[in-house]
Amino acid sequence: MPRAGYVSLIGRPNAGKSTLLNRIVGTKVAIVSDKPQTTRNRIVAVKHFDAADGGDGSQIVFVDTPGIHRPLHRLNVRMVDAAVETLREVDVVALVFDASTKPGRGDDYVSKLVANVKQPVVLVLNKIDLLSKSALLPLIGNLQSWHEFAAIVPVSAATGDGVDRLERVLLEHLPEGAALYPEDYLTDQPERALAAERVREKVLAHTRAELPFSTAVAIDEFDESERERLLRIYCTIWVEHESQKPIVIGRGGEMIKRIGSEARLDLERFFDTKVFLDLRVKVNPDWRNNERTLDELGVPEVKRKPRPPKRRS
Ligand SMILES: Nc1nc2c(ncn2[C@@H]2O[C@H](COP(=O)(O)OP(=O)(O)OP(=O)(O)O)[C@@H](O)[C@H]2O)c(=O)[nH]1
Ligand SMILES: [Mg+2]
């Protein structure tokens, strides 16, 4: 009997959730960077276990989520809410932990969140390529106290080590049933969003300090009228302060050219056609706290159920 269901990838920023998702589905659906808070919304992507690949028609519907952190802007409140909300919706929670780091206060917070989860929680110890074998066992012993995990699976999303086993373990905990998505379905991310994210990925790769956090990319025009020959994409890179503009543009436009040419090559590979990419940089003060801009950027607000008012005595 095939199995099918939802698995959310939850954890601290930088744990490697998006790298793991891309590794499993075999395509870059979520951008990755060495800066925390890279992923800003939920990304659904489906792993198919097709008969053609020796599978039985099972499906794992992954939900990649923003890393859980203390939110200081409305953007971050929306991000964390989006991640936490998945805990109630999925069949299995995959808690991804960066095994090359020591558990800290942020991890305490995440472990408290999963303590209330009713569904099976699988602890994924990622980045084991950075770890000696002898360090793994004591770490597992230490993290077992967090939760009654359904399983603990060491992996390296970077090398693929352990990922097959992780897929098997996740499948075991999914309900039996027919496929939820068509067999060629990859992701819920529209092409425009994928394009904007790839541009943002290059910005993240080449900037430091506050800039990665205060940058957003909006698609102004996605012109497919001559797609076979040339896909034309016009983007605006938002920054928060006037002083950040020259950093993204660089001396003599060097930085923006580099971001543009790397993004264009990436987009050409992804869309399998020539791409014309127009980038401009604009200041949008305090966009991270502007609800309308956040809506427009596709970082939706998670509507929580209202709590009953506290009774006054
Ligand atoms: N060495 C090593 N690095 C990894 C591995 N998995 C991810 N990384 C690196 O860790 C960094 C963070 O990876 P992401 O996939 O963006 O992490 P994330 O959990 O999605 O982060 P947020 O979106 O910010 O929550 C990147 O530099 C990755 O290349 C791994 O298995 N081994
Ligand atoms: Mg991510």
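Remember, it's 1-based here, ligands and their atoms both numbered in the order they're listed. Numbers here are sequence positions counted from 1.
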Are L204 and I31 packed together at the side-chain level, in the sense that at least one heavy-atom pair is separated by less than 4.5 angstrom?
yes
Are L20 and L171 grouped together when hydrophobic residues (ILVMFWY) are joined by side-chain heavy atoms under 4.5 angstrom apart?
yes
Are any N, O or S atoms from T39 nearer to the Mg ion (ligand 2) than 2.8 Å?
yes
Do NZ/NE/NH1/NH2 and the carboxylate oxygens of K257 and E262 come within less than 4.0 Å?
no
Restricting to N/O/S atoms, is S18 within less than 2.8 Å of the Mg ion (ligand 2) or not?
yes
Between I128 and ligand 1, which residue portion shows a heavy-atom distance shorter than 4.0 Å: side chain, backbone, both, or neither?
neither
Can you sort out which atoms of ligand 1 are near T19, meaning under 4.0 Å from one of its heavy atoms?
6 (N), 7 (C), 13 (O), 14 (P), 15 (O), 28 (C)
Residue selection (non-hydrogen contact nearest atom 18 (P) of ligand 1) among R23, K35, K17, R40:
K17
Looking only at the aromatic ring of each residue, does the gap between the centers of Y234 and F276 stay below 6.0 angstrom?
yes
What atoms of ligand 1 come closer than 4.0 angstrom to any heavy atom of D34?
27 (O)
Salt bridge flag under 4.0 Å for residues R168 and E172:
no
Nearest non-hydrogen contact with atom 29 (O) of ligand 1 belongs to which option: V96, V32, L130?
V32
Would one find an N or O of P13, backbone or side chain, under 3.5 Å from an N or O of ligand 1?
no
For P36, which part has a heavy atom under 4.0 Å from ligand 1: side chain, backbone, both, or neither?
backbone
In ligand 1, which numbered atoms sit nearer than 4.0 Å to a non-hydrogen atom of G67?
25 (O)
Please state which protein non-hydrogen atom is closest to atom 9 (C) of ligand 1 and give its distance, to 0.1 Å?
K127 NZ, 3.9 Å
Please test K245 against I247 for side chain to side chain contact (heavy atoms under 4.5 Å, CB included), starting from the C-alpha separation and ending with a verdict.
CA-CA 5 Å; K245 235 171 111 170; I247 305 175; over 6 Å; no
Side chain, backbone, both or neither: which part of N14 comes within less than 4.0 Å of ligand 1 when only heavy atoms are counted?
both
Identify the protein heavy atom lying closest to atom 17 (O) of ligand 1, giving its residue, its atom name and the separation to 0.1 Å.
G16 N, 3.1 Å
For V155, is at least one N or O under 3.5 Å away from an N or O on ligand 1?
no
Considering the options Q244, H73, H241, which one meets the side-chain hydrogen bond (donor to acceptor under 3.5 Å, both in side chains) requirement together with S214?
Q244
Considering only heavy atoms of Q37, which atoms of ligand 1 have at least one such atom less than 4.0 Å away?
24 (O)
For atom 6 (N) of ligand 1, which protein heavy atom lies nearest, and how many Å away is it?
N126 ND2, 3.2 Å
Pair D129-S156, side-chain donor/acceptor within less than 3.5 Å
yes
Salt bridge or not for D64 and K17, using N-O below 4.0 Å?
no
Would you mind running through ligand 1 and noting each atom that sits below 4.0 Å from a heavy atom of S33?
11 (C), 12 (C), 13 (O), 16 (O), 26 (C), 27 (O)
Any donor-acceptor pair under 3.5 Å linking the side-chain atoms of T273 with those of E228?
no
May I ask you to say whether R232 pairs ionically with D278, meaning some side-chain N is under 4.0 Å from a carboxylate O?
no
Can you tell me the protein heavy atom closest to atom 32 (N) of ligand 1 and the distance?
D129 OD1, 2.7 Å
